[in-house]
Amino acid sequence: GALVYQYPRRTICKSGTSMRMECQAVGFQATSVAWYRQSPQKTFELIALSTVNSAIKYEQNFTQEKFPISHPNLSFSSMTVLNAYLEDRGLYLCGARDGGGNSGNTLYFGEGSRLIVV
Amino acid sequence: QQQVRQSPQSLTVWEGETAILNCSYEDSTFDYFPWYHQFPGESPALLIAIRPVSNKKEDGRFTIFFNKREKKFSLHIADSQPGDSATYFCAASGTGNYKYVFGAGTRLKVIA
């Protein structure tokens with residue numbers, strides 16, 4: 001079956017430092033990876049959508065300079081939160097879409113990387 | 001136009017009752033509507049999904065009802081169990097547009 005591994009599960013970082021998280025798709029080709037942030041008491045904010053061989057599209061209020069993303073192949077994607085501050089706290093989720101044609105638009109989520117900023 | 005509205009914000013039902021969660025959308029290009037559930041401390045997991053070619057999708061105790069004309073869809077959880085207690089999110093996306101728009105979530109509590 002389709003699985004998405006995401007790590008680290010939890011990071012505590014000092015204000016102004018950076019955190020990198022990685023997402024590994026197993027059992028399918030992750031042609032598209034969406035990175036979301038789930039803040040306390042809030043729903044999912046889409047940060048950016050990355051499609052292999054296409055430019056990464058960032059949503060309003062999110063920039064490449066703050067959240068650089070790499071999606072070098074069909075099984076791996078990473079995102080870094082640069083210069084993290086309190087407002088960046090939350091659960092970061094990668095959602096990978098199976099581009100193999102078997103699952104349509106289904107997005108498979110990783111376990112999430114929780115960022116705690118102190 | 002991209003918004004997905006979800007209600008209620010929280011819902012409490014007794015064990016054995018049917019829980020009904022509702023969502024509506026505005027973008028007529030949306031054609032895929034999944035429901036996810038999320039337990040505390042965990043990531044969201046796909047529960048069930050529907051495409052507008054049908055107005056009903058069943059999977060065990062979980063049923064999606066879809067009304068294309070009114071742009072509404074709902075999740076019915078029959079014979080609710082305490083283990084169903086979680087936050088449920090509806091979402092919508094369009095063909096070729098692989099980003100999901102999520103509802104705000106419904107926190108469901110099933111009391112034994």
Side-chain angles (χ1 to χ4, degrees), chain A residues 1-10 21 23 28-52 54 56-60 62 71 77 90-99 101 103-114 116, chain B residues 1-10 21-25 27 29-54 57 59 64 66 73 86-108:
Chain A
L3 288 173
V4 177
Y5 294 103
Q6 186 175 350
Y7 38 86
R9 296 292 303 274
R10 185 171 177 259
M21 58 200 82
C23 192
F28 68 102
Q29 295 180 331
T31 53
S32 297
V33 175
W35 286 93
Y36 288 88
R37 178 173 68 195
Q38 187 180 32
S39 303
Q41 308 304 321
K42 288 185 179 180
T43 187
F44 303 93
E45 296 177 279
L46 177 64
I47 297 170
L49 180 66
S50 171
T51 302
V52 173
S54 294
I56 298 170
K57 296 181 182 178
Y58 286 84
E59 293 294 294
Q60 195 173 13
F62 296 97
H71 190 182
S77 180
L91 179 68
Y92 288 81
L93 293 156
C94 68
R97 176 184 172 272
D98 183 352
S103 302
N105 272 23
T106 299
L107 212 57
Y108 298 100
F109 283 99
E111 301 97 327
S113 297
R114 186 168 298 280
I116 300 169
Chain B
Q1 194 175 10
Q2 286 278 301
Q3 200 169 2
V4 173
R5 292 188 173 87
Q6 185 171 352
S7 64
Q9 188 175 17
S10 64
L21 292 66
N22 302 296
C23 281
S24 64
Y25 62 99
D27 191 335
T29 65
F30 286 152
D31 64 356
Y32 181 71
F33 304 91
W35 282 89
Y36 286 81
H37 60 174
Q38 185 179 28
F39 297 98
E42 298 184 11
S43 63
L46 178 67
L47 188 60
I48 187 172
I50 194 169
R51 291 192 180 276
V53 292
S54 58
K57 175 84 175 285
D59 185 357
I64 299 178
F66 183 81
F73 58 109
T87 301
Y88 291 77
F89 293 93
C90 63
S93 74
T95 300
N97 177 6
Y98 306 128
K99 66 178 185 180
Y100 282 17
V101 180
F102 282 90
T106 296
R107 189 171 296 179
L108 174 66

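Labels below follow one simple rule: chain letters A, B, ... track the order of the sequence lines, proteins then strands, and each chain is numbered from 1.
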Participant: Can you tell me if S43(B) uses its side chain to pair, donor with acceptor, with the backbone of F109(A) under 3.5 Å?
Facilitator: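 Looks like no, no N/O pair under 3.5 Å.
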Participant: For the ring pair F44(A) and Y100(B), is the centre-to-centre distance below 6.0 Å?
Facilitator: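 No, the ring of F44(A) stays outside the 6.0 Å limit from the ring of Y100(B), centre to centre.
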Participant: Just how far is it from atom CG of L46(A) to atom CZ of F102(B), taken to the nearest 0.5 Å?
Facilitator: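 So the gap between those two atoms works out to 9.0 Å.
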Participant: Would one find more than 12 heavy atoms of other residues, nucleotides or ligands at under 6.0 Å from atom OH of Y5(A)?
Facilitator: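 No - once you tally the heavy atoms of other residues, nucleotides and ligands closer than 6.0 Å, there are 12 at most.
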Participant: Which one, A49(B), P44(B), G41(B), leads in non-hydrogen pairs under 4.5 Å with chain A?
Facilitator: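 Greatest number of close heavy-atom pairs with chain A: P44(B).
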Participant: Given side chains that start at C-beta, do those of Q38(A) and F89(B) come closer than 4.5 Å, heavy atoms only?
Facilitator: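 They are in side-chain contact.
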Participant: Can you tell which part of Q6(A) gets under 4.5 Å to a heavy atom of chain B, answering side chain, backbone, both or neither?
Facilitator: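 Neither part.
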Participant: Is P34(B) in contact with chain A via its backbone, its side chain, both, or neither, using a 4.5 Å heavy-atom distance?
Facilitator: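 No part of P34(B) comes within 4.5 Å of chain A.
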Participant: Evaluate the side-chain proximity of Q38(B) to L91(A): yes if any heavy-atom separation is below 4.5 Å, no if none is.
Facilitator: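 L91(A) reaches Q38(B) side chain to side chain.
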